Amino acid sequence: MKNLHFKDFFWNADLTCTGGYDAIIQYLNDGKRTCKEVEDFMKARASIEEKYAKDLLGLSKKVCGHNEMNTLKRSLDVWKLQTEQVSLSHSHLAQSLKEEAKKLEEFREKQKEARKKLEQQMDTLHKQKCSQFKKTMDSKKTYEQKCRDKEEADQNVNRNTSTNNTKNMEKLYSKAQQAKQNAEEADRLYQQNVATLAKIREEWLNEHAKACDMFEKQSVERINFLRNAVWTHLNQLSQQCVASDELYEEVRKSMEQCDIQEDIEHFINLRRTGDKPPAPIGYENFYSGQKSPAGVPLFHLAHSNIRRGTLPEPAPSSDDDGVYSTVQDLDYSVIH
């Protein structure tokens with residue numbers, strides 16, 4: 001099947017119409033807008049990756065498992081270290097995305113400059129074509145009017161040939177001659193304008209075809225460049241996922257080396273304080289100073305260890321109204 005091309009399908013029957021050309025320019029402008037949108041998308045993704053990398057780096061510096069020990073501590077340290085490496089990886093990704101966006105911006109500007117020169121040239125040709133077409137149509141109208149004037153003058157002469165008014169006939173002959181000259185001049189100018197328009201039209205046809213080829217080539221380049229740019233963008237993101245997974249795999253490997261029993265035994269050996277339990281605590285009587293043997297019930301000790309002497313006789317009080325009896329024995333104490 002034959003390939004279709006711009007130069008074969010964007011013409012107009014009206015010489016002054018630029019509908020086909022305008023349709024191509026609109027398509028190119030839409031393509032330029034797409035380039036800008038993809039460029040902005042990549043820049044935004046780069047900004048996200050940059051912020052993510054910064055946040056991950058800050059996270060990797062936070063205290064995590066500071067008081068842990070042995071294999072689990074090593075695993076947590078590897079986790080933090082690989083988190084830092086992931087942040088650096090995302091930082092590199094952000095830089096790569098910025099570079100790709102920059103390439104897209106340069107490509108867009110390059111196409112813009114190339115198009116600008118050609119569009120200016122085509123705009124000039126369109127103005128010349130329209131101007132010459134108008135001039136040609138005006139000269140055609142003038143030519144046709146002069147021809148009608150000549151025919152009318154000739155008819156006046158023919159109508160008055162039988163009259164004897166010589167002066168009037170000379171005047172009619174003079175008008176007919178002038179009308180003939182005017183018609184011939186208008187005819188010459190009309191043919192000249194037609195020839196000029198034909199030349200401008202031929203030049204415009206060639207330039208339009210060249211512009212179509214150039215615009216089609218730019219469109220092919222743009223589509224190819226955008227496709228490759230997005231392809232590269234996705235490869236970068238995939239590579240980032242692979243790199244992150246490899247870093248996370250290091251953490252998983254470290255976790256596999258984390259031995260629960262080893263960590264328990266490590267703590268025991270590091271912090272052990274003794275292998276014998278304390279002896280039972282016996283009862284100590286505050287009054288007797290005796291200590292109970294281990295395992296003797298407290299209530300039994302309370303009855304068996306308490307000793308009390310014979311109470312002395314109370315002495316009579318010198319105060320007849322006394323209510324209480326007093327003890328005269330100076331060595332007596334209620335509590336022994």
Side-chain angles (χ1 to χ4, degrees), residues 1-46 95-140 190-237:
M1 183 177 178
K2 184 180 179 181
N3 293 331
L4 306 182
H5 299 286
F6 286 5
K7 63 182 179 182
D8 297 324
F9 296 96
F10 291 95
W11 301 100
N12 296 99
D14 185 353
L15 183 62
T16 60
C17 181
T18 59
Y21 177 81
D22 293 340
I24 295 176
I25 295 301
Q26 181 62 47
Y27 174 71
L28 296 178
N29 287 334
D30 291 342
K32 180 178 67 174
R33 190 175 296 109
T34 300
C35 285
K36 185 64 168 62
E37 291 169 350
V38 173
E39 175 191 330
D40 291 342
F41 187 95
M42 288 186 175
K43 287 181 178 179
R45 181 59 188 264
Q95 186 60 36
S96 298
L97 295 180
K98 286 182 179 180
E99 292 174 359
E100 288 301 316
K102 183 66 176 177
K103 291 178 183 178
L104 189 54
E105 181 182 3
E106 292 173 351
F107 173 80
R108 181 171 53 84
E109 289 298 322
K110 181 180 178 182
Q111 283 209 332
K112 178 182 176 181
E113 289 301 318
R115 277 182 53 195
K116 185 177 180 181
K117 296 178 182 178
L118 187 54
E119 285 186 55
Q120 289 176 345
Q121 180 180 351
M122 291 302 296
D123 287 343
T124 300
L125 282 175
H126 287 151
K127 290 177 180 178
Q128 290 179 353
K129 179 185 64 173
C130 291
S131 176
Q132 186 60 38
F133 178 79
K134 183 177 183 302
K135 186 183 293 185
T136 300
M137 292 301 100
D138 289 343
S139 64
K140 179 183 179 182
Y190 173 43
Q191 291 187 40
Q192 180 181 338
N193 285 332
V194 169
T196 302
L197 180 60
K199 184 178 180 181
I200 292 176
R201 174 184 173 277
E202 190 65 27
E203 182 182 1
W204 168 75
L205 289 176
N206 293 332
E207 291 303 321
H208 180 81
K210 290 179 182 179
C212 285
D213 287 339
M214 189 268 193
F215 292 153
E216 183 177 335
K217 181 181 178 182
Q218 275 200 333
S219 298
V220 171
E221 290 177 349
R222 177 184 59 81
I223 295 172
N224 183 61
F225 191 90
L226 283 177
R227 184 187 64 171
N228 291 340
V230 175
W231 193 286
T232 301
H233 174 74
L234 296 176
N235 284 344
Q236 289 171 331
L237 298 181

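None of the values given here were measured: they were computed from a predicted structure.
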Give me the atom names and distance for the closest heavy-atom approach of [X] to [Y].
X    : Y    : result
A101 : E39  : O-CG, 3.8 Å
D30  : R33  : OD1-NH1, 2.9 Å
E216 : F6   : OE1-N, 2.9 Å
M42  : L97  : O-CB, 4.2 Å
F225 : K103 : CZ-O, 3.8 Å
Q132 : N193 : NE2-O, 3.2 Å

Looking at [atom1] of [X] and [atom2] of [Y], how far apart are the two atoms once the value is rounded to the nearest 0.5 Å?
X    : Y    : atom1 : atom2 : result
L28  : K112 : CG    : NZ    : 14.0 Å
I223 : N228 : CD1   : CG    : 12.0 Å
S96  : H233 : OG    : NE2   : 11.5 Å
L237 : T232 : CG    : OG1   : 11.0 Å
E100 : R45  : CD    : CZ    : 14.0 Å
T196 : F133 : OG1   : CZ    : 14.5 Å

Criterion side-chain hydrogen bond (donor to acceptor under 3.5 Å, both in side chains) against T18, the qualifying member of D22, D14, T16: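 Result for side-chain hydrogen bond (donor to acceptor under 3.5 Å, both in side chains) with T18: D22.
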Is a side-chain donor or acceptor of H5 paired with a backbone partner of C212 at a separation under 3.5 angstrom? no
Looking at Q111 and Q218, would you say the former's side chain and the latter's main chain have a donor-acceptor pair under 3.5 Å?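 Between the backbone of Q218 and the side chain of Q111 there is a qualifying donor-acceptor contact (under 3.5 Å).
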When you measure from the centre of the six-membered ring of Y27, is the NZ or CZ of R222 closer than 6.0 Å and no more than 45° off the axis?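 Yes, R222 sits over the ring of Y27.
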Above 12 or not: heavy atoms from other molecules or residues under 6.0 Å from [atom1] of [X]?
X    : atom1 : answer
R201 : CZ    : no
F41  : CZ    : no
K43  : NZ    : yes

Is [X] salt-bridged to [Y], going by a charged N under 4.0 Å from an acidic O?
X    : Y    : answer
K210 : D213 : no
K199 : E202 : no
K127 : D123 : no

Looking at side-chain heavy atoms only, is the closest gap between L197 and K135 below 4.5 Å?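 In short, these two side chains do not touch, never coming nearer than 4.5 Å.
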Out of Q128, Q121, M122, which one pairs with T124 under the side chain to side chain contact (heavy atoms under 4.5 Å, CB included) rule? Q128
Verdict with supporting geometry, F107 and L226, side-chain contact (heavy atoms from CB on, under 4.5 Å): CA-CA 10 Å; F107 173 80; L226 283 177; 6.0 Å; no
Parallel, tilted or perpendicular: rings of Y21 and F215 (30°, 60°):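 The arrangement is tilted - the two ring planes meet at 30° to 60°.
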